[in-house]
Structure formats: structure tokens, C-alpha cells
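Below, all heavy atoms of this structure are taken into account, side chains as well, without hydrogens, waters or symmetry copies.
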Amino acid sequence: MGKPIKAICALTLVVLGATPLAAQLSVEVPSGQAITLLEKRVDLDSDIVRLRFLAPDLASPLTRPSFEALGTDLEMLCSEFGLKTLLKDGPTPTQIVISLSAEPVDFGVMNADVEQVFEAFSVQNDTCMLEMF
């Protein structure tokens, strides 16, 4: 096995519903790219939690992580940061959607000028399982 993955939390937050975060919460990911949490959005009707992150390195081909590295980052953001940090004291959702964006983009608004990556994970036995679309 590789080295353990860790999430670094600058502060402890309790967020409910669609909550933009006033203070930026930095997260360390395996690729080394700079990641900050923008928003935790909870959809109670569908039991989905969306974790939206700012990832400025996506904007440049010179700094953008490889597809494989992005996949590892997305899984870590779901399992290590999402389940074990942000959601540890609350009910476990059936699905977590992780999104990375090179610039802040309003939720649900398309912007072809901003690089974005999305991945959905089902949550089974306290584990994030990649969902294939």
C-alpha cells in the first residue's frame, strides 16, 4: 500500500444545506495541487451531498494534474475529507458528488471558459465507491 492520505483542515466547520464557506478551507491532496473547499451542498430529498472545491491548477496545461492523479484526488476528497472530516458527525448520504473548478462558478451554471471536473461516488459501508455514468 502507498503512504496514508491525509486531509488538512484549517478550521472546524459545521455546515448545513447549501452553504458557501466564508473562510477558505485548504485541503491537501495526493497530486499536490492547491485545493480549497468552496461549498458543501446537501440535497435532503435525494440524499446527495455535493462538495465543491476550487482547484486553480486546472486552468493551465502546465499545472493541471494528469487524469489518473485527478482520479486519486477526487477519491481522497470523497473518502478522507468528505466522509471522515466534513460528514463524520452527521448522517451518511447515499451519494457524494465531488467537483473541482479552476474558478468559482455558481452552482448549476455552465461556463465553458472554466475548467471543471465532476465525479459521483455512492457511499457503501462508510466507503466511497466510484459510480460509472
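- Expressed to the nearest 0.5 Å, how far CE of Met129 lies from CD of Glu75 amounts to 9.0 Å.
- In terms of heavy-atom proximity, Asn111 sits nearest to Gln116 at O-NE2, 3.8 Å.
- In this structure, Arg50 is not positioned above the aromatic face of Phe107 in the sense of NZ or CZ being under 6.0 Å from the six-membered ring centre and within 45° of the axis.
- In this structure the side chain of Gln33 reaches within 4.5 angstrom of the side chain of Leu70, judged on heavy atoms.
- Taking all atoms of both residues into account, the shortest heavy-atom contact from Val29 to Leu77 is CG1-CD2, 3.8 Å.
- Minimum heavy-atom separation, Gly82 to Leu51: CA-CD1, 3.7 Å.
- Note: Leu58 CG to Phe53 CZ = 12.5 Å, rounded to the nearest 0.5 Å.
- In this structure, the side chains of Glu131 and Phe121 stay at 4.5 Å or more apart for every pair of heavy atoms.
- Asp106 places no side-chain N or O within donor-acceptor distance of the main-chain N or O of Val109, the cut-off being under 3.5 Å.
- The SG atom of Cys78 sits 9.5 Å away from the CD atom of Glu119 when rounded to the nearest 0.5 Å.
- Asp73 CG to Glu68 CD: the interatomic distance, rounded to the nearest 0.5 Å, is 11.0 Å.
- A heavy-atom distance below 4.5 Å is not found between the side chains of Val49 and Arg41.
- Distance alone, capped at 3.5 Å, places no donor-acceptor pair between the Ser101 side chain and the Pro104 backbone.
- Residues Glu115 and Ala59 approach most closely at CG-CA, 4.3 Å, considering heavy atoms.
- The shortest side-chain heavy-atom distance between Ser31 and Thr72 does not fall under the 4.5 Å cut-off.
- Here the closest non-hydrogen pair linking Ala34 and Asp57 is N-OD2, 3.7 Å.
- Hydrophobic clustering (ILVMFWY, side-chain heavy atoms < 4.5 Å, transitive): Val97 and Leu37 are in distinct clusters.
- Annotation: side chain of Ile96 is not in contact with side chain of Ile48 (no heavy-atom distance under 4.5 Å).
- With Asp47 contributing its side chain and Pro93 its backbone, the two residues share no donor-acceptor pair below 3.5 Å.
- Contact annotation: the side chain of Leu74 approaches that of Leu100 to within less than 4.5 Å [non-hydrogen atoms, C-beta and beyond].
- In this structure Arg52 satisfies the salt bridge (Lys or Arg N to Asp or Glu O under 4.0 Å) test together with Glu39, sequence neighbours excluded.
- In this structure, Leu25 CG and Leu38 CG are separated by 10.5 Å, a value rounded to the nearest 0.5 Å.
- Ile35 has its side chain out of reach of Leu54: every pair of non-hydrogen atoms, C-beta onward, lies at least 4.5 Å apart.
- Contact of the Leu83 side chain with the Val123 side chain is registered, since non-hydrogen atoms from C-beta on lie closer than 4.5 Å.
- Distance NZ/Lys84 to OG/Ser79: 6.0 Å, rounded to 0.5 Å.
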